[in-house]
Amino acid sequence: MQRALNIARDRFADWYQAVVAGADMAESSPVRGAMVIKPWGYGVWEQIQAELDRRIKATGHENCYFPLFIPLSFIAKEADHVDGFAKEMAVVTHHRLKMIDGRLQPDPEAKLEEPLVVRPTSETIIGDAFSRWIRSHRDLPLLINQWANVVRWEMRPRLFLRTTEFLWQEGHTAHASEAEAVAETAMALEMYRSFAEDVLAMPVIAGEKPENERFPGAVATWSIEAMMQDGKALQAGTSHFLGTHFAEAQNIKFQDDAGTLTLCNTTSWGVSTRLIGGVIMTHGDDDGLRLPPAIAPRQIVVVPMLRDKPEDEHVMAYCEELVKSLSKLSAFGQPLRVLLDNKKIKSAEKRWNWVRRGAPLILEVGPRDAAGANVSMMRRDDLRDGDKVKSVIKPRQDFLENAVQLLTEIQAGLYAEAKARLDANIKTGITDWAGVENYFAGGDDDFKGWLRISWSKPTGDALEKIGAQLKALKLTIRNAPLDQPETFAKCLFTGAAGVEEILIGRAY
RNA sequence: CGGAGCGUAGCUCAGCCUGGUAGAGCAUUAGCUUUGGGAGCUAAGGGCCGUUGGUUCGAAUCCAGCCGCUCCGACCA
């Protein structure tokens, strides 16, 4: 059968790259690990930004912008933070180039007194501002967000999933009490969960990261974890309770109503362009991407079937009117995003381009459709009947009346499909290490999903040991889901009394 | 940074083992045909065969270095 892609999901890594390329979302750049995000990929990011930004503002946060460059000394202030990020830092050491021996290179005369790091995250530079902005309990809570790019010098980049430079949103807040800060962290986590599920149609498990997977410098880290179609986990968003660690390091203090100088409790939380990788690996199929309508830059694409004949004019006029009528409608609280694809390329090619890009609804309109007031409709979420492409002829008026409902159905359908996969592939009931080994035996390519097991939540060296044990099977602890039972089986690792259930699995 | 594989036309790749004038399909351009859907025929354009050096009368092909990409590890949103 002829597919829109020439690689199927059984070669998942190759398939992923084929989808990104086929959907024309991004490409690698001359700089290793840094990607060019192309209009269709960036369009998805703009939808993510727009909707998440609404939610961030609705919960009382304000947007700011902090510098890309951070004085090296700032990073050095929080010891764990240094440990976590030192190995992946881009550093600016000079401010001028000079031609020396015929080669353009940094001018030794123009060496910076203090090197600047390119932000890998902004806790330190925002903390510095917080220490100046906060004086009184009346300045709290301070709720800030920024949309920015960050740089982490990663070893093995993968488009969208792990790039040297990536785009994200980072929330940073300061609070008068620990309880308030923890509540803020929970709020952000819940915002991410609902955003992932309702907007990206990507079901996730929200929970707390174990001690050894925490953000460097955090007291506690929570995450949402999504299951990709190869069974691996993708950490899709994080929320960190930083306690007073950064407040201590950066002197973020306030006078309470009794006049006592007190350290703030701070939080930070973020999601990145990685979400786009998650959407691809959650919803893509062997014909390319399938975009949830809520984030599709174009939800309906109209492809006129032109043949350089006089009736083309009528077809175009009909299509223009159709697009105009559709554009008056609203779905997911926003005006419908409709495109008339009038590029001067072959119609058949247009169709397959939109299939690969994952436009939720593709309408083909030929002379006979135009004459009969019909449209030929393809649903990207339900493209084929066996090997054949399902193209359904519908009266134009019916389509207009049902378009919004249809998009809502597609959104729900993609979620339901992914949710069923997630639920079916979290295995419970394994109670000893031999069972884990046995379950994850066999090839890396086998679909395994995750295990939900009980443990005694060891810390320190005991936890390190478990980490190493898991690592031998390429497993990690993903998180301890928020939703916990009343009673627990014995700890799978130690045999001690269980106190918590955790998810383990392979991850990106 | 370690292990494996790969760099040949815009794209996907063959040719390399066994050295002897640079190939195919798709895409592009032109003409004709076709017209409910990824069309057919004919013709044309398009290559420092990643890069530097070595071996050789002769290198896409053999050898070495370098650069880049992909996969597997270590790192990670």
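Predicted, not measured: the structure shown is a model, and the values here were computed from it. Numbers restart at 1 for each chain; the letters A, B, ... are given by sequence-line order, proteins then strands. The figures here come from the full heavy-atom set of this structure, side chains too, leaving out hydrogens, waters and symmetry mates.
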Q: Please list all pairs passing the ring-ring contact (aromatic ring centres under 6.0 Å, His included) test where one or both residues lie in residues 363-385 of chain A, with sequence neighbours left out.
A: none
(Q) Taking A:R55 first and then A:E190, would you say they form a salt bridge - that is, a charged N and a carboxylate O separated by under 4.0 Å? (A) no
**Q.** Between A:H172 and A:S268, a side-chain donor and acceptor under 3.5 Å
**A.** no
Q) Mind checking the C1' distance from B:U18 to B:A59? Whole angstroms is fine. A) 14 Å
Q. When you compare B:A39 with B:U21, how far apart are their C1' atoms, in angstrom units rounded to a whole number?
A. 36 Å
(Q) What is the distance, to the nearest angstrom, from the CD atom on A:Q17 to the P atom on B:C72? (A) 10 Å
Q. Taking the P atom of each, how far is B:G73 from B:C63, in whole Å?
A. 29 Å
Q.
As a test of understanding, state which of A:D369, A:V338, A:V302 forms a side-chain contact (heavy atoms from CB on, under 4.5 Å) with A:L322.
A. A:V302
**Q.** Partner nucleotide of B:C67 by Watson-Crick or wobble geometry (both distances under 3.5 Å)
**A.** B:G7
Q) Which one is paired to B:G38, where only Watson-Crick or G-U wobble pairs with both distances under 3.5 angstrom count? A) none
Q. Do A:R478 and A:T476 have a side chain donor and acceptor closer than 3.5 Å?
A. yes
Q.
Counting only Watson-Crick pairs (N1-N3 plus N6-O4 or O6-N4) and G-U wobbles (N1-O2, O6-N3), all under 3.5 Å, who is the partner of B:G47?
A. none
(Q) Suppose we screen for ring pair (Phe, Tyr, Trp, His ring centres under 6.0 Å). Which residues come up paired with A:F241, at least two apart in sequence or across chains? (A) none
Q: May I ask which nucleotide in the shown strands pairs with B:U56, Watson-Crick or G-U wobble, both distances under 3.5 Å?
A: none
Report, one pair per line, the protein and nucleotides 75-77 of chain B atoms (nitrogen or oxygen only) whose separation is under 3.5 Å.
residue, atom, partner, partner atom, Å
B:C75, OP2, A:K471, NZ, 3.4
B:C75, O2', A:E88, OE1, 3.4
B:C75, O2, A:E154, OE1, 3.1
B:C76, O2', A:E154, OE2, 3.0
B:C76, O2, A:R162, NE, 2.4
B:C76, N3, A:R162, NE, 3.4
B:C76, N3, A:R162, NH2, 3.2
B:A77, O3', A:Q235, NE2, 2.5
B:A77, O3', A:R274, NH1, 3.3
B:A77, O2', A:Q235, O, 3.1
B:A77, O2', A:R274, NE, 3.2
B:A77, O2', A:R274, NH1, 2.7
B:A77, N6, A:T163, N, 3.1
B:A77, N6, A:T163, O, 2.6
B:A77, N3, A:S272, OG, 3.1

Q: Whole angstrom is fine here: how far is it from CG in A:D14 over to P in B:C6?
A: 15 Å
Q.
Whole angstroms only, please: what is the NZ-C1' distance between A:K388 and B:G38?
A. 15 Å
Q. If you measure from the C1' atom in B:U8 to the same atom in B:G47, how many Å do you get, rounded?
A. 8 Å
(Q) Measure CG/A:L383 against P/B:G38 and give the value in whole Å, please. (A) 14 Å
(Q) Surrounding CD of A:E62 (heavy atoms of other residues, nucleotides or ligands, distance under 6.0 Å), is the total greater than 12? (A) no
**Q.** side chain to side chain contact (heavy atoms under 4.5 Å, CB included) involving A:L473 - partner list, sequence neighbours excluded
**A.** A:W433, A:V436, A:E437, A:L475
Q: Describe the nucleic acid contact of A:D369 in one word from base, sugar-phosphate, nothing, applying a heavy-atom distance below 4.0 Å.
A: base
Q: Pick the C1' atom in B:A30 and in B:U70, then give their distance to the nearest Å.
A: 39 Å
**Q.** Ionic contact status for A:R11 with A:D14, cut-off 4.0 Å
**A.** yes
Q) For the pair made of CG in A:L306 and C1' in B:A39, what is the distance, rounded to whole Å? A) 16 Å
(Q) What is the distance, to the nearest angstrom, from the CG atom on A:L5 to the P atom on B:G38? (A) 18 Å
Q: Between B:G40 and B:U34, how far apart are the P atoms? Round to whole Å, please.
A: 15 Å
**Q.** Rounded distance in Å - CZ (A:R11) to P (B:U70)
**A.** 15 Å
Q.
Is it the case that the side chains of A:N145 and A:N63 hold a donor-acceptor pair, with the cut-off being a distance below 3.5 Å and no angle test?
A. yes
Q. For atom C1', what is the distance between B:C66 and B:G58, given to the nearest Å?
A. 25 Å
Q: Using both distances under 3.5 Å as the test, list the Watson-Crick or G-U wobble partner of B:U12, or none.
A: B:A24
Q | salt bridge (charged side-chain N to carboxylate O under 4.0 Å, His left out) involving A:D287 - partner list, sequence neighbours excluded | A | A:R3, A:R384
Q) Taking a pair as Watson-Crick or G-U wobble with both distances under 3.5 Å, which nucleotide is matched to B:G2? A) B:C72
Q.
Can you check the distance between B:G65 and B:G3, where both ends of the measurement are the P atom (answer in whole Å)?
A. 12 Å
Q | Members of residues 343-359 of chain A that approach RNA chain B, where some heavy atom sits under 4.0 Å away | A | A:A348, A:R351, A:W352, A:R356
Q: Give A:S376 one of three labels, base, sugar-phosphate or nothing, depending on what nucleic acid heavy atoms sit under 4.0 Å from its own.
A: base
